[in-house]
Amino acid sequence: MTKAAPTPAKKAAPAKKVRKATPSTLVVLDGEDPWTRSELNEVVKELKEHRDRLTAIVGQSEQELAGLMRDAGDGAGHDQADVGATSFERDHELTVLARERETLVQIERALAHIEDGSYGVCDSCGNPVGKNRLMAVPHATLCMSCKQREERR
């Protein structure tokens with residue numbers, strides 16, 4: 001019986017030094033003023049507050065949905081209107097919960113893009129989203145033309 005030669009331990013790749021983005025490195029549309037530190041701080045604060053609110057709402061919605069699922073049963077003892085109303089309410093809660101979860105993902109992505117300096121770049125075309133648009137909807141991922149194209153589909 002022969003022993004296998006021990007494999008050398010792999011060295012971990014050196015960690016890349018991540019440079020924190022500065023407001024001046026973020027893209028803006030032609031004609032827009034560059035981001036200032038206070039504007040960026042305001043956006044980050046708003047994103048974090050929105051994330052906290054949505055996290056609480058998602059938790060509450062999940063509890064309500066669990067109650068609806070638990071109480072759904074097989075419909076025995078309920079008339080058709082009760083079963084239909086419960087089914088509608090459950091479907092509505094699922095839709096709202098999915099939308100809120102998607103918004104949470106977009107908020108986390110926006111915060112990550114702020115950290116890595118790619119905040120304000122359209123996910124579809126790579127052009128600037130626009131500072132004014134981002135100040136109105138800080139978790140926007142598409143420029144206006146891409147968003148309009150998406151909504152037409």
Side-chain angles (χ1 to χ4, degrees), residues 13 15-153:
K16 291 183 180 179
K17 193 171 189 177
V18 177
R19 285 182 37 198
K20 190 167 179 143
T22 61
S24 61
T25 61
L26 299 178
V27 296
V28 294
L29 288 173
D30 289 338
E32 288 182 332
D33 293 329
W35 286 91
T36 64
R37 174 60 58 195
S38 64
E39 290 170 334
L40 191 59
N41 287 343
E42 182 181 330
V43 167
V44 169
K45 180 182 174 198
E46 186 177 332
L47 283 167
K48 289 180 177 182
E49 287 173 353
H50 194 180
R51 178 185 60 189
D52 293 345
R53 281 191 311 272
L54 276 180
T55 301
I57 290 170
V58 165
Q60 181 181 2
S61 294
E62 287 174 342
Q63 288 176 349
E64 290 174 9
L65 187 59
L68 286 172
M69 300 296 256
R70 181 184 59 244
D71 296 340
D74 61 2
H78 299 287
D79 64 15
Q80 287 180 331
D82 289 341
V83 173
T86 301
S87 178
F88 175 79
E89 191 175 348
R90 182 182 61 239
D91 290 347
H92 176 73
E93 285 293 323
L94 283 169
T95 301
V96 169
L97 186 59
R99 189 177 322 120
E100 289 166 344
R101 284 181 177 155
E102 178 59 28
T103 303
L104 275 172
V105 168
Q106 290 174 352
I107 289 170
E108 291 297 334
R109 190 176 329 146
L111 289 168
H113 284 308
I114 288 171
E115 283 293 315
D116 69 17
S118 61
Y119 184 65
V121 177
C122 178
D123 284 352
S124 181
C125 68
N127 291 328
V129 170
K131 181 177 159 184
N132 291 330
R133 175 164 165 69
L134 289 170
M135 290 184 82
V137 184
H139 60 275
T141 58
L142 300 174
C143 65
M144 285 302 292
S145 59
C146 290
K147 183 63 175 175
Q148 288 170 344
R149 187 172 41 251
E150 177 188 84
E151 288 177 353
R152 280 191 297 257
R153 290 185 205 163

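What you see is a predicted model, and the numbers here were worked out from it, not measured in a lab. Numbers for residues simply follow the sequence, beginning at 1.
Distance CH2/Trp35 to CD/Glu42: 9.0 Å, rounded to 0.5 Å. Here the CZ-CG distance, from Arg99 to Leu104, works out to 13.0 Å after rounding to the nearest 0.5 Å. Summarising the geometry, atom CG belonging to Leu97 is positioned 12.0 Å from atom CD belonging to Glu102; distances are rounded to the nearest 0.5 Å. For the atom pair CD (Glu93) and CD (Gln63), the distance works out to 11.5 Å, reported to the nearest 0.5 Å.
For Glu89, there are no side chain to side chain donor-acceptor pair (under 3.5 Å) partners at least two apart in sequence or on another chain. Here Glu39 pairs with Lys131 under the salt bridge (charged side-chain N to carboxylate O under 4.0 Å, His left out) rule; sequence neighbours left out. Residues passing the side chain to side chain donor-acceptor pair (under 3.5 Å) test with Glu32: none are found, sequence neighbours excluded. Not counting sequence neighbours, the partners of Asp123 by the side chain to side chain donor-acceptor pair (under 3.5 Å) test are Arg109.
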Inset, instruction - Show the numbers, then the answer: is there a side-chain contact (heavy atoms from CB on, under 4.5 Å) between Val44 and Ile114? - result: CA-CA 8 Å; Val44 169; Ile114 288 171; 3.8 Å; yes

Can you give the donor-acceptor pairs under 3.5 Å from side chains of residues 138-153 to other protein atoms, not counting sequence neighbours?
{"unit_1": "Lys147", "atom_1": "NZ", "unit_2": "Glu150", "atom_2": "OE1", "d": "3.2"}

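Residues Leu47 and Ala110 approach most closely at CD1-CB, 4.0 Å, considering heavy atoms. Scanning all heavy atoms of the two residues, the minimum distance from Leu29 to Val129 falls at CD1-O, 4.2 Å.
Evaluation of the side-chain hydrogen bond (donor to acceptor under 3.5 Å, both in side chains) test over residues 46-61, restricted to residues two or more places apart or in two chains, returns Arg51-Glu108, Gln60-Glu64.
Between His92 and Val96, some side-chain heavy-atom pair lies under the 4.5 Å cut-off.
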